[in-house]
Enquirer: 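Sending over a structure as structure tokens; questions will come in a sec.
The basis for the numbers below is simple: all heavy atoms, side chains too, and nothing from hydrogens, waters or symmetry mates. All chains are named by letter (A, B, ...) in the order of the sequence lines, taking the proteins before the strands, and each is independently numbered beginning at 1.
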There are 2 protein chains.
Amino acid sequence: MSLPTTIEATACCVPRVTAAPTVEDAERVARVFKALGDPTRVRLLSLIAAGAGGEACICDLTEPVGLSQGTVSHHMKLLADAGLVTREQRGKWAYFSLNADTMDAAADALRVAAPRS
Amino acid sequence: MSLPTTIEATACCVPRVTAAPTVEDAERVARVFKALGDPTRVRLLSLIAAGAGGEACICDLTEPVGLSQGTVSHHMKLLADAGLVTREQRGKWAYFSLNADTMDAAADALRVAAPRS
């Protein structure tokens, strides 16, 4: 019987899914995955990862996903609020880069703690 | 410049988020994360992980999350459809266990492919 007794906090405070018994912990974990749970946002993350220097201008994101800048901005705000991307304003345009720490923390949160024999 | 050129399929065909350029791939990835993106479902996964033998009867899941069996069944169906849990009927009750392969595949999908120097 494997009983997770402690909350394993990861880099940016995403507790492990399988050891997140409190409502607050579960909400924190779910918020990150909810941000990832949309095909457009997955494609936006992919486009940013493929961008020169691992970043992308919002002006280059609208056409590939076929959505208006307002809609893309809304998706980018959800990703930024979840800590998955970092936003930097340069003159007229916003540039986005992936936050690898949050991506890693979300990945760690999914690891099933297997009992060691 | 790091350009993901191929879809990295993982154990249960969840492509890497940062290398999922097609609409179909993005939808497949997003479906798993959408299932994870709800606090009740995170708590249900946690309860199953903490259950004896890494499984739990649906009859033991309703009280901890404070929801009706119908609502819990609905959440469990979404988790099962996403491949995150496996369902086994034993007499009157359904028993659920985590599908570690899908959890691992989802974790792998979040790894940012860092350019090797």
Enquirer: Show every disulfide (SG to SG under 2.5 Å) that has at least one partner inside residues 62-112 of chain A, sequence neighbours left out.
Expert: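 Listed once each, the pairs would be none.
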
Enquirer: Would you give the length of the straight line joining atom CG of A/Asp38 to atom CZ of B/Arg31, rounded to the nearest 0.5 angstrom?
Expert: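 With rounding to 0.5 Å, CG (A/Asp38) is 15.0 Å from CZ (B/Arg31).
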
Enquirer: Salt-bridge test for A/Arg111 and B/Asp108: reply yes if a basic N is under 4.0 Å from a carboxylate O, no otherwise.
Expert: yes

Enquirer: Show every disulfide (SG to SG under 2.5 Å) that has at least one partner inside residues 35-77 of chain B, sequence neighbours left out.
Expert: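 Of all non-adjacent pairs touching residues 35-77 of chain B, those that pass disulfide (SG to SG under 2.5 Å) are B/Cys57-B/Cys59.
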
Enquirer: Select all residues of residues 71-83 of chain A having any heavy atom within less than 4.5 Å of some heavy atom of chain B, and report them by number, or 'none'.
Expert: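 Listed by number: none.
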
Enquirer: What closest approach, in Å, do B/Leu110 and A/Ala106 show between heavy atoms, and which atom pair accounts for it?
Expert: CD1-CB, 3.6 Å

Enquirer: Run the numbers on B/Val23 and A/Arg43 for side-chain contact (heavy atoms from CB on, under 4.5 Å), then give the verdict.
Expert: CA-CA 8 Å; B/Val23 175; A/Arg43 292 179 71 206; 3.7 Å; yes

Enquirer: So which atom in A/Pro39 and which in B/Ala30 form the shortest heavy-atom distance, rounded to 0.1 Å?
Expert: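 A/Pro39 and B/Ala30 have their closest heavy atoms at N-CB, 3.4 Å.
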
Enquirer: Mind checking the OG1-CD spacing from B/Thr40 to A/Glu27? Nearest 0.5 Å is all I need.
Expert: 8.5 Å

Enquirer: For B/Glu63, what residues pass the side chain to side chain contact (heavy atoms under 4.5 Å, CB included) criterion, not counting sequence neighbours?
Expert: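 If we apply the side chain to side chain contact (heavy atoms under 4.5 Å, CB included) test to B/Glu63, skipping adjacent residues, there are no hits.
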
Enquirer: Pick one of side chain, backbone, both or neither for A/Leu36, based on which atoms fall under 4.5 Å of a heavy atom in chain B.
Expert: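 For A/Leu36, backbone and side chain are both near chain B.
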
